[in-house]
Amino acid sequence: MSLNYILKRLAVMIPVFLMVVTLVFFMIRFAPGGPFDSEKAVSPEIMRNLLAKYHMDAPLWKQYLRYLNDLAHFDLGPSFKYANRTVNELIGESFPVSIELGMLSLAWALVIGILAGALAALRPNTLWDYIPMSFSILGICLPTFVIGPGLALAFGLWYDWLPVAGWSSWQHKVLPSLTLGLAYSAFISRLTRGGLIEILNQDFIRTARAKGLSETTVMVKHAFRGGLLPVVSYLGPALAGIITGALVTETIFNIPGLGRFFIQSAVNRDYTVVMGTSLLYFGLIFVSNFFVDILYAWLDPRVRYD
Amino acid sequence: MKLFLILSLVWSGLTLAALEQTLRWGNGAEVKDLDPSIVTGVPEHHILTNLFEGLVGKHPETLGPVPGVAESWTISKDLKTYTFQLRKDAKWSNGDPVTANDFIYSWQRLLDPKTAAEYSYQAYYIKNGKDINTGKIKDFNQLGVKAPTDRTLVVTLENPTPFFLKLLDHYSLAPLHAKTIQKHGIRWTRPENMVNNGAFTLDKWETNRLISVKANPLYWDAKSVKLTSATFYPVEKMDTEEKMFRSGDLDITNEIPLEKIPLWKKKKGSDYVGSPYLGTYFYWFNTKVKPLDKKEVRQALSLAIDRDSIVKYVTKGDQPPARSFTPPGAGDNYQPPAVLPTDLSRLAEAKELLAKAGYPNGKGMPTIDILFNTHDGHKKIAEVIQEMWKKNLGVNATLVNQEWKVYLDSVRLMKFTAARQGWIGDYNDPNTFLDMFISDSPMNRSGWKNAEYDALMVKAAKELDSKKRLAHFFNAEKIWLDEMPSMPIYVYTRNYLKNKKVQGWYSNIEDLHPLKYVWIGDSK
């Protein structure tokens, strides 16, 4: 891992970032309807004043340059829909929630996925394999909008153990993170199983066992390190996917996360929020892939970036 | 001993719960803001009604006027000058007295073109209000409102406006604390900055999570406020809301999923509430395009839908079928001409009308596009109407669904043959429905123009005698129902769940629930 490589990756990011800014900026502007269209007829005078207030009366290229300039100062502008609130503020409030939900979900996904996958890999083609793997197929097939309300019904209403919606105490966080994590745990268990079975048949594992190492040491020190590589490479997209794709879970459990803004802003034509959330997601995907590449090199001595 | 301890703990918990006067209310969506001059929506209305008090309030049971900041008022003979006497003990939440100038400041701010308030037309009834808002008059002092003393407010109107008192409880016309707004700018609505004069003050505001208010000790009528606090939860998903209600996390929901209504109704002593609302669900007819340019076609289409079946099998929320355009109860003593059939009893007439228009049994009639915004409920209604027209008249229709903002654009530009629309009255008077169809009204998307109708509406606006005024509305609506520039389908209802512990909560046509009157307690 050279510094050179990191710098190269970062340098590539800048033109891509600018491209994303430009694309999103113009695409959302060209969609029919605007942020101030409403069911009530807005008189031309009020419309003019509204447009002036948000500098939307200027030609589009001027607005674009203005946006770039603000962006360079880390100012994402005012929200059109949520008057008197800035995009920085909205993201500042909701992004930590999304991160927390994402991290908790990922924790569930890893714990459940790796345990189930390892169990299956150690006793392939037995019930220890079939049962967890059947559940993982179920987990892949069932969408969150089925699992979520199901879990809420079971643990929130039938057994009154956990709250059905909201986001304040730790109890609130169990069901949503489990809902979101389950789908990913299904993938992870299959990746783990595949990776481990392949590794366990390799010569160096046999050598390790022949040396008289305990089974635990063989598994933890030798098999996992290589066997979990597929899982690690999946982590980047998974993390980005969990954080950006939490919309359904956020709506079901009424969680004040970023996903709701991401979708609602497009529906509301809240241009600045569309831009802000899209750019954030772009950054997120980029950064998570970047870290996975680094982690990958560290785990697998054969992988080297120059 | 142990048991005793547990019991006493449980007991103290119970008494605490009994004393805790707090209401948890599902409030639909996150508010746009809490600035009374800026916002327009229903979630904002629920909250602002409790934070700001106008000159005159409304009692939720009768909707009749009750004194607010004004303790009394006189109205001139020509119904154009209102003199309000402000109460001495009306205070802002920081202790300042509420003065007549606070109203003038608020109304000037609402009308200031720079504020770009979408609800500015609420102040158009005041003399020169519209001209100030549209920039024709630059001097704000020309607005028809004066404060001869700190406790006297004299308002001059453009026209006699019999419903003016009914507008005054609306948050857009509430007083504002100028110093707070000048000091904090756009951040004045944050809990740490807000200064307000209602029965409650803003306690917490967490985006997409909750907004909570607590009783205002400085409110002039604080002694009659029983709740100590209330929390508004922005829950967008109806299913989630219903689950929160069932698990005891909400006392009132905003809505209820359609398919759950029959289940909730069946329950004994049900928590379900279905009450009529001041709104009509209807289809615009584009009178500029074939075949809807012919009055007979519009009449036939309207006679050929079975409104009873639509409300019974499709909307299912106790909606009354529409028999006129203005919903029943719009305005004191107004009885709209209820001429639309609720079933297919006049189908023969519809067929004759269609034949007369040159399309016997629908032959040769161009296809009608029904435009609606993407939504399951609108789609189901459109499908049923499409089927009814086909079966009853032989008329073909196609369904066109568009995403919300695209749909708004199409409706505004009249790019449709028929299009769905819901209209909720801004105030409780037939005018808020009928003035949409005046020829030059910006809301009129039917393209329909009728000189006789316009003349009657002008007469009604100038009429001092309330009986005669309503007669003008009645005659105008009769013309409307004969001409059918739109097709009323049903009257809106509010359908939600309410815990029986919530007392002092009245169902009313304006869906108005000032929490000042609400408390938590056993019904008996």
Heavy-atom pair of closest approach, residues B/N133 and A/N49: O-ND2, 4.5 Å
Scanning both residues in full, the closest heavy-atom pair of B/T207 with A/P256 reads O-CB, 3.5 Å
Could you tell me which of B/E236, B/R190, B/R445 has the largest number of non-hydrogen atom pairs under 4.5 Å with chain A? B/R190
What's the separation between atom CG in A/N268 and atom NZ in B/K32, rounded to the nearest 0.5 Å? 9.5 Å
B/F140, CZ: over 12 other non-hydrogen atoms inside 6.0 angstrom: yes
Chain B contact via A/S94 - which portion, at a heavy-atom distance below 4.5 Å: neither
So which part of A/R85 gets closer than 4.5 Å to some heavy atom of chain B, the side chain, the backbone, both or neither? both
Heavy-atom side-chain proximity of B/S120 to A/I46 below 4.5 angstrom: yes
For A/R269, is there an ion pair with B/E403 - N to carboxylate O distance below 4.0 angstrom? yes
Nearest-0.5 Å distance that lies between atom CD in B/E30 and atom CD in A/Q264: 11.0 Å
Winner by heavy-atom pair count (cut-off under 4.5 Å) against chain A, out of B/E118, B/K243, B/K114, B/E206: B/K243
Is chain A contacted by the side chain of B/D249, its backbone, both, or neither, given a heavy-atom distance below 4.5 Å? side chain
Tell me, side chain or backbone of A/F80 under 4.5 Å from chain B's heavy atoms, or both, or neither? backbone
Between B/R209 and A/V97, is the side-chain contact (heavy atoms from CB on, under 4.5 Å) condition met? List the steps. CA-CA 11 Å; B/R209 208 181 293 220; A/V97 175; 3.6 Å; yes
Below 4.5 Å from any heavy atom of chain B, which atoms of A/L153 appear? Answer side chain, backbone, both or neither. both
A/F95, CZ: over 12 other non-hydrogen atoms inside 6.0 angstrom: yes
Side chain, backbone, both or neither: which part of A/D160 has an atom under 4.5 Å from a heavy atom of chain B? neither
Looking only at atom types and distance, does a side-chain atom of B/T240 sit under 3.5 Å from a main-chain N or O of A/F253, one as donor and one as acceptor? no
What are the two closest non-hydrogen atoms of B/D409 and A/G33, and how far apart are they? OD2-N, 3.8 Å
With chain A as the partner, which of B/V31, B/D33, B/V39 has the greatest number of non-hydrogen pairs under 4.5 Å? B/D33
Closest-packed option against chain A by number of heavy-atom pairs under 4.5 Å, given B/S410, B/S441, B/P234: B/P234
So which part of A/L157 gets closer than 4.5 Å to some heavy atom of chain B, the side chain, the backbone, both or neither? side chain
